[in-house]
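Please read these numbers as outputs of a predicted model, since none were measured by experiment. Letters A, B, ... mirror the listed sequences (proteins, then strands); counts begin at 1. We use all heavy atoms of the structure for the numbers below, so side chains are in, but hydrogens, waters and symmetry mates are not.
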Amino acid sequence: MTNEARQYREVTILFVDDDDVDYLGLQRALSALRILNPVVRARDGLEALEMLRQPGRVPRPFLVLLDINMPRMSGLEMLATLRNDPELAATVVFILTTSKDEQDKVAAYRLNVAGYIVKNHISAGFSEVLGMLDHYWRVVELPNG
Amino acid sequence: MMTLLKPRELLLHLARAGAGAVMLLGLSVMVGWHLHLTALIRVNPQFVPMKYNTALGLFTAGAGLLAWQRRRQHLCLVLGYGLCLLGALSLWEIQGGVDLGIDELLMKAYIQGNGGHPGRMAPNTAVCFILMGCMLAAMGVQRARRSWRAVGLLAALLTGLGMAALSGYLFHIPAAYGWTHYTQMAVHTAAAFVVLGMSCLALSHAEQEQGARWGPAAIGILSSTTTLCLWQALRLAPNQVQATRAALMVLAAGMLLSLALVAATRAGMEAQEQSEGRAAGLRRQEFLNGELHRSEEELRRVLDSIRDYAITQLDPEGRMVRGNPGFAAMTGYQEGEAVGLPSERMYPPDQEAQQQAAEALREAAAQGRSEQEAWQVRKDGTRYEANIILTAIYDAPGRLCGYTRVARDITGPKQDERRMRELVRELQRSNEELANFAYVASHDLKSPLHAVEQLANWIGEDLGDNLPSQTREHMSLMRGRIARMEHLLNDLLDYSRAGRQNQATELVDTGPLTRSIFDYLDHPAAVTLRLESAMPVLRCAHVPLETTLRNLIGNAIKHGRRPDGTIRVGAFERETEVEFWISDDGPGIAHEHQERVFGMFQTLKPRDEVEGSGMGLAIVKKCVEAAGGWIRLESDGVHGSTFRFGWPRTKTLEPNYDERSKAVQGSHHPVCG
């Protein structure tokens with residue numbers, strides 16, 4: 001973690017999940033790892049899209065942690081809509097779901113997710129995910145727009 | 001009282017009588033010769049005596065005829081030859097002027113006629129005997145060579161000669177019965193020959209199988225012979241002028257008479273033939289009519305006996321002509337009630353049904369046959385479903401002359417069919433629902449479970465070591481139960497998918513597959529897998545087979561008693577399936593539990609002792625049965641268990657050596673713990 005002279009802007013996490021316990025889990029992990037990145041929470045795909053389209057609601061740069069099974073609009077539906085929206089098409093999305101279904105996986109990767117993570121496999125809550133993301137946004141350049 | 005004899009029988013009787021009479025005559029003359037009874041020998045002192053040989057010959061002739069009538073054909077033949085010989089020898093004597101010594105062989109001729117050698121018969125007598133002998137011979141031969149025509153014609157000739165001689169006696173023309181200076185034929189000899197000739201004629205007419213076509217010819221020969229002989233005789237008469245004229249008159253008259261007789265006989269015969277032909281024709285007609293009636297009766301009986309099919313005959317417009325009892329039973333229209341009804345009346349009155357009726361007739365008329373299933377209406381208005389087959393009937397020139405309609409009541413079977421289809425649909429729906437339910441349930445149940453798991457973890461983390469040991473234990477138990485629930489849900493999900501997964505068929509090399517399954521499963525290091533037979537390559541759905549093997553081998557590992565135990569696996573190839581077996585050395589499964597183990601969520605040990613969802617075998621069973629195979633458990637409850645299952649081959653293709661190398665060797669899916 002070298003502080004280089006480069007444009008370093010904190011990445012916002014847009015957490016799209018209807019499960020409150022999972023959100024709690026995320027917050028716990030963030031505080032445990034002392035990650036201070038801003039988090040925006042949406043309860044389902046529709047709300048997430050609304051938020052993304054409101055200017056300033058979700059600070060850029062950002063990435064999305066997306067659950068699949070949600071009411072009103074599922075994660076994959078939202079993802080499809082995202083990819084169809086020219087403004088949001090380039091969004092970096094990680095699927096974070098309980099579903100181990102091969103079909104869901106294939107569908108997600110077809111819609112160009114950055115990664116597919118299954119919640120059940122995490123024994124230490126969200127720590128591993130956040131650990132990975134922490135590395136991720138330090139190593140990988142995200143578009144600022 | 002008088003029994004009418006058939007003409008044939010009458011003729012036979014006459015023949016027999018004639019033969020008998022001649023025989024008697026011959027015998028009596030012979031007796032006369034022996035007993036010196038001159039009256040028998042010569043009827044009148046002025047008449048010519050009958051010679052002994054002649055008498056003997058007549059006796060033989062009569063005997064021969066009788067013998068034939070008594071079916072002694074061989075005797076008849078012999079007698080015939082004898083007579084011929086007698087006649088021929090005598091004639092030879094006369095013509096050749098030799099003496100063969102036969103004339104007085106048997107009897108001294110103490111009475112003589114005028115002229116000729118003593119005892120020698122007249123030449124015409126000899127000729128007649130030759131003729132007679134030939135006739136007897138002709139009768140006596142084999143049936144196949146017998147010619148009644150020959151006999152008949154010869155008989156006519158004989159009769160003619162006899163008649164000539166007789167009429168010579170009648171009209172005092174000695175030349176008719178005595179040829180030149182030789183011995184003359186006696187009167188009773190002549191009469192005898194006439195009788196013999198007529199008897200033979202009668203006999204041959206009776207015996208001739210298809211009517212004596214030679215009849216007219218015979219008559220002709222008879223009368224012409226007589227005429228000619230008389231004519232000749234007259235010509236030789238002493239009184240020249242008178243004789244010539246008389247001769248010519250006789251000739252003319254005689255020939256005319258002959259012709260007339262011939263014509264008459266022929267006409268008569270033809271008339272008889274015609275009437276006989278007509279009678280025969282009538283009889284034939286009657287017979288055929290009888291046959292026709294009989295076969296119609298039979299047919300009617302057959303049709304009447306059919307009760308399950310309504311068989312009706314329709315006219316070319318489709319109206320009913322007649323129906324069998326089966327029709328009455330099916331529709332309620334009794335005998336004759338439905339005559340003239342159009343076939344449309346059998347159908348319900350709505351437009352569609354009526355069109356159906358018309359369509360059936362049209363199709364039958366065009367194609368020769370139509371078959372349809374349609375609702376029908378009985379006389380009382382009730383409905384039933386029928387299978388109706390219409391067949392068009394054509395007469396000889398190819399015109400449509402009606403239809404045959406065969407209907408079968410299929411209401412019952414149709415209902416069954418519908419019910420079954422409904423049941424199948426219900427079943428399919430039910431299955432779908434169940435599958436969906438299992439999937440959705442396990443999916444949606446996982447979510448709150450996951451949350452509980454997380455919260456439990458956090459509680460544990462936050463409290464850290466500030467836990468009384470009991471609470472710590474409770475926490476531990478809680479975590480365990482949560483894990484178990486997740487495991488159960490996962491297995492439930494697997495179960496719902498089992499048998500419905502990817503059914504793609506491939507060539508599967510089961511040996512390496514089993515090995516790789518074993519290697520990827522968690523097992524104590526010392527536990528080994530041993531393949532106890534050649535493991536086949538077979539073409540089948542790969543995923544379900546792998547699931548099955550994985551679960552069974554996993555079970556075997558889990559229930560093994562010894563840390564260095566062995567799991568034995570083998571296979572046995574059959575034509576349509578492969579039988580696999582997996583043996584472990586665990587505690588086995590007692591008989592009373594063997595049924596239960598294949599049920600859902602069934603475990604034999606408490607889950608606290610051995611962690612297991614109890615779904616493994618249920619999944620195995622589902623996979624195996626969905627593939628069309630079978631599974632069996634063999635265990636004595638002490639010495640381990642052997643699971644046997646049969647996996648059907650998808651196709652009975654023998655993989656060749658090259659294909660073996662292409663077969664699937666390992667598991668496609670990483671095994672999740």
ask   = Roughly how far apart are A/T98 OG1 and B/L489 CG, rounded to 0.5 Å?
value = 11.0 Å
A/Q103, CD: over 12 other non-hydrogen atoms inside 6.0 angstrom = no
key: Contact listing (chain B partner; residues 65-77 of chain A; heavy atom under 4.5 Å)   = A/N69
query = Side chains of A/V21 and B/H450: closer than 4.5 Å at any heavy-atom pair?
reply = no
message = Please check if the number of heavy atoms outside B/F437 that lie under 6.0 Å from its CZ is greater than 12.
response = no
ask   = Counting only heavy atoms not in A/R110, do more than 12 fall under 6.0 Å of its CZ?
value = no
query = Within a strict 4.5 Å, meaning less than it, do heavy atoms of the A/R28 and B/Q454 side chains meet?
reply = no
ask   = Checking heavy atoms, do the side chain of A/D19, its backbone, both or neither come under 4.5 Å from chain B?
value = side chain
message = Can you confirm whether A/E87 is buried at CD, in the sense that more than 12 heavy atoms of other residues, nucleotides or ligands lie under 6.0 Å from that atom?
response = no
